[in-house]
Amino acid sequence: MPELPEVETIARQLRGLVVGRTVSGFRADWHKLTDPEPVALVAARLGGRRIDAVRRRGKLVVFDLDGDEALVVSLRMTGKLLFREAGAPDGDRFVRGTIDFADGSALAFSDTRKFGRMILVDRTEIAPERGPERRLAKAPLHASLGMEPLSRGFTVRWLASFLARRARAAVKPLLLDGRGIAGIGNIYAIEALWRARIHPLRAAGSLRADETIRLQEALRWVLRKGIRFGGSSLSDYVDARGERGRMQREFEVYGRAGEPCSRCGGEIRRTVVGGRGTFHCPRCQRAPRRRS
DNA sequence: GGCGATGTTTCCCC
DNA sequence: AGGGGAAACATCGC
């Protein structure tokens, strides 16, 4: 999926397109789309609701409705939200569900791999931007999301304390766990670690103060740049207007195995960390002594 | 056709 | 706790 910058791009676009519109109907032909609720129940609760706001939390798109509920959309790997005006064509052949508005416009949810979900929740269930007060045992993602990395709370001090709490974890998989810091995905984790000159396998607790400062800066810099470029579009990924982002041309290491590092000339390597394809420059991101 | 890869999350095992 | 592996799916490239 779409990581934080892509979801932010989509939420901003949708804000201008659907806020104020009233839902007249919801249909879906993939029963797991609203899992664990049946589609018919979600449709019934959604009908007649007005969309008051559209925002992003982590990698989730949140539609705040009039009343106490919110529609939470998880795009996962290939989910797209495609807006269309009244009378415009349907979208692509992977549309799994559609929200119809009273004025004839609609919002389609297209998802090739069917991992995405649309669920209706009470607004109070969504974790606040600093994360839930205490760690929830077995809660759905929207309730357990951690710190927003672009919020004021994401300071060097907060990050240092977070890394200390999770001292034994490898830093890259830790960045990918949204319950700690929300919204960072594989690509932006890779790019931020390169910028901060930190090897993906370093233990979180082993980062020195200067490295922690660099990591905090790098995460924010990379995410903000992603937003400024309209997110990245790999393969056929598009935003809510059906357009491609431009961030993919800015990647320094992602997808660049074998190419020289733009900073030091070292040869960029592809490895697998925590089951995910990972790219780094072995020359300016020094490997830790050894990990088990 | 087979194999491996894909931007996410969750679950099970050790 | 945290790492490994697989699964939820479908498509694409070699």
Side-chain angles (χ1 to χ4, degrees), chain A residues 1-10 29-36 56-61 72-81 92-96 109-119 135-146 162-192 200-206 222-223 226-227 229-239 244-245 247-248 250-251 253-257 270-279 288 290-292:
Chain A
M1 145 171 157
E3 308 181 25
L4 187 154
E6 291 72 37
V7 180
E8 180 67 31
T9 299
I10 290 164
D29 52 17
W30 170 239
H31 70 285
K32 288 188 184 170
L33 182 61
T34 56
D35 191 56
R56 175 193 61 75
R57 179 70 176 91
K59 298 171 195 164
L60 303 175
V61 183
V72 173
V73 180
S74 172
L75 271 18
R76 293 287 187 100
M77 296 283 272
T78 53
K80 308 175 177 81
L81 284 164
D92 59 36
R93 66 192 174 102
F94 300 111
V95 170
R96 311 296 182 190
F109 183 68
S110 156
D111 187 13
T112 320
R113 291 178 70 177
K114 298 180 174 174
F115 290 166
R117 295 291 181 266
M118 302 178 90
I119 59 169
R135 211 160 148 161
L136 295 67
K138 197 173 174 297
L141 185 63
H142 65 267
S144 44
L145 282 169
F162 173 67
L163 295 174
R165 277 198 306 278
R166 306 290 299 277
R168 304 181 68 88
V171 65
K172 189 197 170 216
L174 181 60
L175 292 176
L176 293 181
D177 183 351
R179 294 169 304 182
I181 306 170
I184 300 170
N186 200 38
I187 289 182
Y188 291 91
I190 288 167
E191 292 291 317
L201 282 176
R202 289 281 301 283
S206 77
V222 159
L223 294 170
I227 294 170
F229 278 74
S232 55
S233 299
L234 262 31
S235 66
D236 66 342
Y237 199 77
V238 292
D239 63 27
R244 294 170 60 79
M247 183 63 189
Q248 62 279 11
E250 306 295 314
F251 297 156
V253 280
Y254 180 83
R256 293 188 180 280
R270 181 185 190 280
T271 60
V272 175
V273 176
R276 312 294 306 279
T278 299
F279 298 84
R290 175 224 286 268
R291 295 179 52 84
S292 62

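Below, read A as the first sequence line, B as the second, and so on, with proteins coming before strands; counting in each chain starts at 1.
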What integer number of Å spans the [atom1] atoms of [N] and [M]?
N     : M     : atom1 : answer
B:dG1 : C:dA8 : C1'   : 24 Å
C:dG5 : B:dG4 : C1'   : 16 Å
C:dG2 : B:dG7 : C1'   : 23 Å

Is [X] touching bases, backbone alone, or none of the nucleic acid, heavy atoms closer than 4.0 Å?
X      : answer
A:L174 : nothing
A:R166 : sugar-phosphate
A:G185 : sugar-phosphate

What heavy-atom pair brings [X] and [Y] nearest, and what distance separates the two atoms?
X      : Y      : result
A:Q248 : A:L234 : CB-CD1, 3.8 Å
A:T278 : A:P200 : CG2-CG, 3.6 Å
A:F251 : A:S232 : CZ-CB, 3.5 Å

d([atom1], [X]; [atom2], [N]) in whole Å:
X      : N      : atom1 : atom2 : result
A:L176 : C:dG2  : CG    : C1'   : 14 Å
A:L201 : C:dG4  : CG    : P     : 8 Å
A:L141 : B:dT8  : CG    : P     : 12 Å
A:I119 : B:dT8  : CD1   : P     : 18 Å
A:R179 : B:dT8  : CZ    : P     : 15 Å
A:L163 : C:dA1  : CG    : C1'   : 16 Å
A:E8   : B:dG7  : CD    : C1'   : 17 Å
A:D35  : B:dC11 : CG    : P     : 11 Å

A:Y254 side chain near B:dG7 phosphate (N/O to OP1/OP2, under 4.0 Å): yes
DNA chain C base-pair string [pairs: Watson-Crick or G-U under 3.5 Å; |: paired with another strand]: .|||||||.|||||
Donor-acceptor pair, side chain of [X] and main chain of [Y], under 3.5 angstrom:
X      : Y      : answer
A:R117 : A:K32  : yes
A:R244 : A:S235 : yes
A:R202 : A:A204 : no
A:R57  : A:L145 : yes
A:S233 : A:G231 : no

Positive for side chain to side chain contact (heavy atoms under 4.5 Å, CB included) with A:F109, one of A:V95, A:V61, A:L75: A:L75
Residue pair A:D239 / A:T9, side-chain donor-acceptor N/O under 3.5 Å: no
Pairs under 3.5 Å (N/O, protein and nucleotides 1-5 of chain B):
residue, atom, partner, partner atom, Å
B:dA5, O3', A:R270, NH2, 3.3

Carboxylate-amine/guanidinium contact A:K80 A:D236, below 4.0 Å: yes
B/S/- contact track for nucleotides 8-14 of chain C, protein heavy atom under 4.0 Å: BBBS---
A:R256, CZ atom: more than 12 neighbouring heavy atoms under 6.0 Å: yes
Heavy-atom donor-acceptor pair, A:T78 side-chain to B:dG7 base, under 3.5 Å: no
